[in-house]
Structures are given as structure tokens and as C-alpha cells.
Amino acid sequence: MIGTTLANTSILQLITVFILSAFLGFEVISKVPSILHTPLMSGTNAIHGVILVGAIIVTGTAHGAGELTLGFITVVLATVNVVGGFVVTDRMLEMFKSKSRPGQPPDRARDGDGPDANAAGSAR
Amino acid sequence: MRQNIIDICYLIAAVGFVLALRGLSSPKGARLGNIIGATGMAVAIGATFAVDGLTNFGVIVGAIAVGVAIGVPAARMVKMTAIPQMVAIFNGVGGAAAALVSISEFSREAGAHPATYQVVEVLAGVLIGSVSFSGSVVAFAKLQEIMTGRPLTYPGQQAVNAALGVVILALVGAGLGTDSTIAVIALLALSLVLGVAFVLPIGGADVPVLISLLNSFTGIAVAATGFVLRSTVLIVAGTLVGASGTLLTRMMSKAMGRSITNILFGAFGSVITASGSMEGATGGSVKAGTVEDIGVLLAYSRKVAIVPGYGLAVAQAQHVARELADELAKHGVEVFYAIHPVAGRMPGHMNVLLAEANVPYEQLKEMDQANPELPTADVALVVGANDVVNPAARNSPGSPIYGMPILNVDEASNVVFLKRSMRPGFAGIDNELLYDPKTTMLFGDAKDSLTKLVAAVAAT
């Protein structure tokens, strides 16, 4: 098919990559403390945003208004997945970090965090 | 040569994703892991712009700008209590993107008589991606309370869903034979319906487990798309997410003491069980206390366990809870928080909320540490939790939550429930502890009640 990055890779090689990745995926998170279930879910959510690579390839090889429109929508959706996923995960983990240093004042007020962050700051 | 450099960039990205997953599974390296993952992603996306034969860069860059303009503010402004639905919707758009990439590629190749395995790849991407998209949208609607969070069931639901599955499989067969675009579009439509039908009977506290499962679905859809495009980075990243997401789903359901099948097909909480009515008969009356009484009780305790639950998250009461803990500390009361693994809206969610309110780390006790301490607590203050402290999980074999690990707050000398009403929790099961003589109820919004208690304790 067109838009390939590894045009001459055989299907068997791809299946090899697939199976090894599956085992790796199982192994790499063999045990996760329950406090990290939410950030891990959100983090893996960001990683599958890699579909943006596919979206760019499809859009970059599009012809005609129909294909281009579809491509545009696809790239927008994939981008929301990537940036939203990583930013939201980072926001969560930032809070985990602050609690390991309980004696210190809270991190500087982060813009865009809404009333909650302000309340946390002023309560101190 | 250029292709080699691009491929090396993709390899770097794949290694970054693996390191990200490993980092995210321990508290120490979690944030760094996420940053490594994001960096790998940036490398992969940057390299893609160098792929031979691409045009339309204006459209692509414009679309990325739009995506960033939507995604970043949404992720930065979302309240911490609304994280689960945010993850659901980010997951949904990812699934939609995977389905659309597969369809785009297929529509261009349809005339060229692709090999059967190529059609299978496309159909897998479309089917799984669409189910993940529509399922995530319904999950979002449930968590955002646009629709009821309770399981929606009707007679013969399982049969209808099974029939839907059979029709979809038949369509996949038809698609294989004809490689027609119409079959693929019909498959897309039916997959969207299947996603909705699949999610409707799942409700309440089970939705987060469902989101984790849909998350791994999207991963698999991305991997299928990787086969379509012959892109190893998509296959590696998608499969990693698919596999780790499946494992994570299993760990989550284990933390709830339930099997995945039971969560997905059990329509948990749609029925009020027999054990509920039994307790109603034996339970007797409920003791409602005043703010002043409870304030005095708390201020003159030696040790207080705060048990935060879903109600605290909904009322955004984590900051006031910490104020109460501070006020109690001034009175010389030892305070700790007993955290159930599934307190809040998803596993680990409560830790995030309390960390946001700057609750000191050493005051947070996981269930295994909290349970031995609860018998020594003078008061267990349960804020908006119910099922996770219901003794029925321990001693009522007929109960749907029997076997679920719970916090044994009934072993504390006194129990105070801050609750909106007598309404049962997500599981829809009555809680006999509410009728126990040592239990005092304070009805109302968790935040209001806590604010009043802070004042009452301060005045003591």
C-alpha cells in the first residue's frame, strides 16, 4: 500500500514485531501500585496517540477535497489524543511529586488550573 | 538514507514508549517516564514529516494547530475530579482517528485488489477503532452525567448484542470476499452501534474499568492501522498499549474483587438484591447527629480516620477535608486517611485529589495499612463513601459485593457518615453499618458538612 515507511517489510516481520511487543507490554507493567492506575491509564492513552503518525501519512498522500477533509479531521482528532493525553498525565503526576516533600510550600500557582489550585495555594 | 534516519527516529520513539510505561508503573519515575514518552512522540511525529512523497503540509500543520488548540486547554483546565471522563474522550478521539486512517487507506486501495490479509488489517482497524470511539463517548456521557450513570438494561439485551456481533462478523466475511468500500462503511456504522450497545449495561464504579479496556482497544486498533500502513512504530506503540492496557484492566477489576466478565456483562447494580431488604427488616432506625455533637466527638478523640469516597470527589471537598484534618491536629488529634484502592472514580483517583489538596504523604494509608489501624481509631469519618466500607462484602455471602476487599471502618469505636441521603452506593446495596448503634449520620453535601465541622471543631 502507499504511504509506507517500510514498503518492503514482509507481513511476517510485522507479525514478529507485533507478538514481541505484546509480550513486552505485559512484562513492562507486571506490577503497578493502585495509586498509579489512573496515571498509567492516562499515560498509555497518550501513547496510542501515535496514530497521529498514520494520520499525517494519510493526509500527506491525500488527493482531492474529500480525502483532504477526512485527513484534516483525522489529524485534529489524533493531535487532541496526543497532546491532551500527555498534558493531563503530567498534571496528575506533578501532584504526586509535591506530596513526597510535605514540608515544603506548594508549587507556585499554575495558570489555567482553575479555582482548585488557587484554593490549595491560599489555604497554606 | 533518509528512510534509514526516519526509521531510527521511529526506533528511538518506540524505546521512549517502553521506558514511559516502565516509569509510569512506579511512583518514583512516573513523571520522568511521561516526559520520555512525550519526547519519543515528538521525535516520531517530527520524523514523519520527512517521509518521502508527502504533500499537503499546510493542511497537516493547520490540523495539528487546531488539535493543540483544543487538546491543551482542555487538559489544563479540566478539574481533577473530571479526569476520568477526560481520559475517556481523549481515548475516543484516538479510536476514531485509527478507524479513519484505516478507511482512508482502504478507499484508495479498494480498486487494486488488495490481498486478503490487507483487508483483514483494515477491517480490524475500523471495527475496533469505531467500537472504542462510540463506547468512549457513552462512557464520557455517563461520567459527565449527561446521561444516567446507572446500567441501562432491557430484556434480551445480551441476545441483541450477540446478534449484533454475528451480523458484524458476517459483514467482515462479506468484506473479505468483495473488498467493497460499501461493506466497510456498513461495518463502520454497525461497529459504532456495537460500541454503544456494549457500554450501556455497564454503570457506576465499573465505568473506569471499562475506560481502561477501551483504552487497550484503541491500542489494538492503532496496531492494526500500523499493519495497514506497514509502520512498525504504530504496531509497537499500539500493541504496547493494547497489552499493558489489558493487564491494567485486570489489575483494576482485581482491586474491586470482581472478574472482568462480571464487570462487562454482569449489569452490576441494576437490581436491588435480597440482602438489602433483609437488612431493612433487621436494621432498625438511623441515628442522625448534629454538627455540634460530631464536632465535639471529633475534637475529643485521640485518633480519627478519614475515609474519603466518591461523594468527596463529587463535592470537590478534598481541600475542606484537609482543613478539618489541620484543625483536628491543632487539638492534638492524630489524623490519617484510609484510602480504598477504588475510592473516587477510578483506582488511584483519590490519591490524586488528596495530593492536590496538599495532604501530607504519610497521612495517606492504603487499605492494607489502614485496616490494622482502624480498630484503634476513636472515630472513622466516612465522607461520601459507602460500598467500600460495607461489611456485607465480608459477612453476607449472597451480596453482589461479597468478597470485595473493604475498609473495616465498623471496627472503629465510632463511625460518622457524611452522606447526602440514605440512597445506596453505586452497587445499589443497602449498608447495614448505617443502622449500627455506633454510627452517626450527618446528611448533606460533603463540602457543606465538612465546612460546618471545621467551624464546630474550631469552636470546641
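Predicted, not measured: the structure shown is a model, and the values here were computed from it. Chain A is the first sequence line, chain B the second, and so forth, proteins listed ahead of strands; every chain is numbered from 1.
- Of the two parts of A/Ala46, only the backbone, made up of N, CA, C and O, holds a non-hydrogen atom closer than 4.5 Å to a non-hydrogen atom of chain B.
- Rounded to the nearest 0.5 angstrom, A/Thr38 OG1 and B/Leu248 CG are separated by 8.5 Å.
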**Request:** Begin from the C-alpha positions of B/Phe49 and A/Ile56 and carry the test side chain to side chain contact (heavy atoms under 4.5 Å, CB included) through to its verdict.
**Result:** CA-CA 8 Å; B/Phe49 278 93; A/Ile56 292 174; 4.0 Å; yes
Do any side-chain atoms of residues 58-65 of chain B form donor-acceptor pairs under 3.5 angstrom with protein atoms, and if so which ones, sequence neighbours left out?
none

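- The two residues B/Ser212 and A/Met41 have their closest heavy-atom pair at CB-CE, 3.8 Å.
- Nearest heavy-atom pair across A/Leu77 and B/Val93 is O-CG2, 3.5 Å.
- Heavy-atom distances place both the backbone and the side chain of A/Ile29 under 4.5 Å from chain B.
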message = Under the criterion side chain to side chain contact (heavy atoms under 4.5 Å, CB included), I'd like the reasoning laid out for B/Phe227 against B/Val120: C-alpha separation, chi angles, the key distance, then a yes or no.
response = CA-CA 10 Å; B/Phe227 276 96; B/Val120 171; over 6 Å; no
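- If you measure heavy-atom distances from B/Met41 to chain A, the contacts under 4.5 Å come from the side chain alone.
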Item to complete: Show your working on side chain to side chain contact (heavy atoms under 4.5 Å, CB included) between B/Glu366 and B/Asn351 and close with a plain yes or no.
Response: CA-CA 10 Å; B/Glu366 299 284 321; B/Asn351 304 67; 3.4 Å; yes
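- Using a 4.5 Å cut-off between heavy atoms, A/Val50 contacts chain B through both its backbone and its side chain.
- Annotation: A/Phe26, atom CZ; neighbour count of heavy atoms from other residues, nucleotides and ligands within 6.0 Å is above 12.
- For residues 71-87 of chain A, the pairs satisfying side chain to side chain donor-acceptor pair (under 3.5 Å) are A/His48-A/Asn81, with sequence neighbours left out.
- Most heavy-atom pairs under 4.5 Å with chain B: of the set A/Leu24, A/Leu52, A/Ile47, A/Leu20, this distinction falls to A/Ile47.
- Minimum heavy-atom separation, B/Tyr10 to B/Ala47: CE2-CB, 4.3 Å.
- The residue among B/Asn91, B/Ile83, B/Leu100 with the most heavy atom pairs within less than 4.5 Å of chain A is B/Asn91.
- Contact annotation for B/Gln363: neither backbone nor side-chain heavy atoms come within less than 4.5 Å of a heavy atom of chain A.
- Within the 4.5 angstrom heavy-atom criterion, atoms from both the backbone and the side chain of B/Phe17 approach chain A.
- For A/Ile15, the parts sitting under 4.5 Å from any heavy atom of chain B are the backbone and the side chain alike.
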Let me have the donor-acceptor pairs involving side chains of residues 235-247 of chain B, under 3.5 Å, with sequence neighbours excluded, atom names and distances please.
residue: B/Thr239; atom: OG1; partner: B/Ile235; partner atom: O; Å: 2.5
residue: B/Ser244; atom: OG; partner: B/Leu240; partner atom: O; Å: 2.8
residue: B/Thr246; atom: OG1; partner: B/Gly242; partner atom: O; Å: 2.5

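- The candidate from B/Ala69, B/Gly16, B/Ala38, B/Gly94 with the greatest count of non-hydrogen atom pairs under 4.5 Å with chain A is B/Ala38.
- Of the charged side-chain nitrogens involved, at least one lies within less than 4.0 Å of a carboxylate oxygen, so that B/Glu121 and B/Arg230 count as a salt-bridged pair.
- When each of B/Leu24, B/Asn215, B/Val222 is scored by its heavy-atom pairs under 4.5 Å with chain A, the top score falls to B/Asn215.
- Options B/Thr225, B/Thr249, B/Val101 differ in how many heavy-atom pairs under 4.5 Å they form with chain A, and the most are formed by B/Val101.
- Residues of residues 63-70 of chain A placed with any heavy atom under 4.5 Å of a heavy atom in chain B are listed by number as A/Glu67, A/Leu68, A/Leu70.
- The greatest number of non-hydrogen atom pairs below 4.5 Å with chain A, out of B/Thr218, B/Ile70, B/Ile211, is found for B/Thr218.
- In terms of heavy-atom pairs under 4.5 Å with chain B, the best-connected choice from A/Ile19, A/Thr59, A/Val17 is A/Thr59.
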Next item on the list: Decide yes or no on side chain to side chain contact (heavy atoms under 4.5 Å, CB included) for A/Arg91 and B/Met80, but give the supporting numbers first.
Entry: CA-CA 9 Å; A/Arg91 268 190 66 197; B/Met80 274 295 144; 3.6 Å; yes
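- Options A/Val75, A/Ile51, A/Val82 differ in how many heavy-atom pairs under 4.5 Å they form with chain B, and the most are formed by A/Ile51.
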